[in-house]
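Only this structure's heavy atoms are used, side chains among them; waters, hydrogens and symmetry mates stay out. Counting from 1, the numbers follow the sequence of the chain as shown.
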Amino acid sequence: MATITTWFTLGLLGELLGTAVLAYGYRLVPESTRRHYLLLVAIPGIAIVAYALLVLGVGELQTATHTVYATRYADWFLTTPINVLFLGLFARADRGDIVKLVVLQALTIVFGFAGAMVAGLLSYGLFAIGALLFAGVVYLLYGTIENAARAAVSDIELSLYRTLRNFVVVLWLVYPVVWLLGMAGIGLLDVETASLVISYLDVVTKVGFGLIAMYGLSTISARGETSAPTMPADD
């Protein structure tokens with residue numbers, strides 16, 4: 001019977017393969033975007049470290065009712081803000097709006113972790129704060145940041161922005177559902193099942209986001225439809 005370590009090992013292998021493919025794609029994307037493209041390589045790259053530590057059992061915190069994998073939250077604290085940072089840079093959004101986006105996303109993870117570490121109403125209260133912060137992220141991505149993209153990038157780049165944004169937002173909405181159904185919430189999902197689902201989601205969101213971006217950027221470059229410069233060079 002598969003164990004949690006099996007799911008973590010599969011997650012590690014998925015992140016390793018994804019990082020290798022994205023690293024290969026560095027030479028396929030336009031030269032003007034390569035600096036920011038490295039952010040996409042870093043996302044599964046960070047996850048490699050996180051999953052290696054999970055396989056080794058590092059970062060397991062025991063609460064009164066369940067185990068919290070702190071390493072997983074550390075991974076998300078680093079990688080999910082990078083996702084939204086890339087979107088903000090790609091949209092050529094205002095620096096202040098990008099900072100808001102990154103901070104809100106990081107705080108979403110902080111409150112999710114805090115909620116998992118405590119019990120009772122306080123747990124749900126912290127989870128609710130995290131959910132509200134994530135709503136702020138979604139508001140910015142669909143409002144302020146998209147408006148910036150409309151004003152600054154080509155139609156095909158705007159289409160890619162929307163694809164990446166929708167991809168990540170929809171998949172990220174599954175995480176709080178797993179949180180609520182898992183041992184930190186109402187306990188319908190045991191820790192093995194939750195670990196399987198989250199490992200799968202982690203690979204899809206981190207690697208899938210990068211692959212979509214890689215394909216989109218290389219296609220845009222081939223068509224010569226970029227708005228020069230494609231992405232801000234000094235952010």
Check the pair Thr5 / Thr9 against side chain to side chain contact (heavy atoms under 4.5 Å, CB included), numbers first and verdict last. CA-CA 6 Å; Thr5 302; Thr9 302; 4.0 Å; yes
Side chain to side chain contact (heavy atoms under 4.5 Å, CB included) between Leu217 and Phe90: does it pass, once the steps are laid out? CA-CA 11 Å; Leu217 291 172; Phe90 187 73; 3.7 Å; yes
Verdict with reasoning, Tyr142 to Asn166, per side chain to side chain donor-acceptor pair (under 3.5 Å): CA-CA 9 Å; Tyr142 281 83; Asn166 295 342; 2.7 Å; yes
Would Phe113 and Phe77 count as a ring-ring contact (aromatic ring centres under 6.0 Å, His included) if you check the C-alpha gap in whole Å, the side-chain angles of each, and the deciding distance to 0.1 Å? CA-CA 10 Å; Phe113 173 70; Phe77 179 77; 9.9 Å; no
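Rounding to the nearest 0.5 Å gives a distance of 7.5 Å between OG1 of Thr67 and CD1 of Ile4. With rounding to the nearest 0.5 Å, the separation of CD1 in Ile98 from OG1 in Thr144 is 11.5 Å. To the nearest 0.5 Å, the span separating CG on Leu87 from CD1 on Ile145 amounts to 8.5 Å. Annotation: the span from Leu38 atom CG to Ile82 atom CD1 amounts to 11.0 Å, rounded to 0.5 Å. Taking CG from Asp94 and CG from Leu101, the interatomic distance works out to 12.0 Å, rounded to the nearest 0.5 Å. Here the straight-line distance linking atom CE of Met117 with atom CG of Leu122 works out to 12.0 Å at 0.5 Å rounding.
Salt bridge present: Glu146 and Arg162 bring a charged side-chain N and a carboxylate O closer than 4.0 Å. Salt-bridge formation is not detected for the pair Arg150/Asp155: no Lys NZ or Arg NE/NH1/NH2 atom is positioned less than 4.0 Å from an Asp or Glu carboxylate oxygen.
Contact of the Leu40 side chain with the Met214 side chain is not registered, since no non-hydrogen atoms from C-beta on lie closer than 4.5 Å. Residues Val41 and Tyr26 fail the side-chain proximity criterion, which asks for heavy atoms closer than 4.5 Å. When side chains are defined from C-beta on, Lys206 counts as touching Asp75, because their heavy atoms get closer than 4.5 Å. Residues Tyr161 and Val153 form no side-chain contact, since every pair of their non-hydrogen atoms from C-beta on lies 4.5 Å or further apart. By the 4.5 Å heavy-atom criterion applied to side chains, Pro176 and Phe134 are not counted as neighbours. Looking at Met183 and Thr65, their side chains never come closer than 4.5 Å, going by heavy atoms from C-beta outward. The closest side-chain heavy-atom distance from Leu12 to Phe8 is not below 4.5 Å. With contacts defined as side-chain heavy-atom distances shorter than 4.5 Å, the pair Trp172/Thr108 does not qualify.
Ring orientation note: the planes of Phe209 and Phe167 are tilted relative to one another, at an angle of 30° to 60°. Relative orientation of the Trp76 and Tyr73 rings is perpendicular, given thresholds of 30° and 60° on the angle between their planes.
Ring pair Phe86/Tyr37: centre-to-centre distance not below 6.0 Å.
For the side-chain contact (heavy atoms from CB on, under 4.5 Å) test, residues two or more places apart in sequence or in another chain that qualify with Leu181 are Val177, Ile186, Leu188, Leu189. Remark: Ser195 engages no residue in a side chain to side chain donor-acceptor pair (under 3.5 Å) (not counting sequence neighbours).
In Gln62, the CD atom is crowded: over 12 heavy atoms of neighbouring residues, nucleotides or ligands sit closer than 6.0 Å.
For Asp97 (side chain) and Ala93 (main-chain N/O), no donor-acceptor pair under 3.5 Å exists by modelled atom type.
A side-chain donor from one of Thr80 and Gln105 sits under 3.5 Å from a side-chain acceptor of the other. With no hydrogens or angles considered, a side-chain donor-acceptor pair links Tyr175 and Asp202 at under 3.5 Å.
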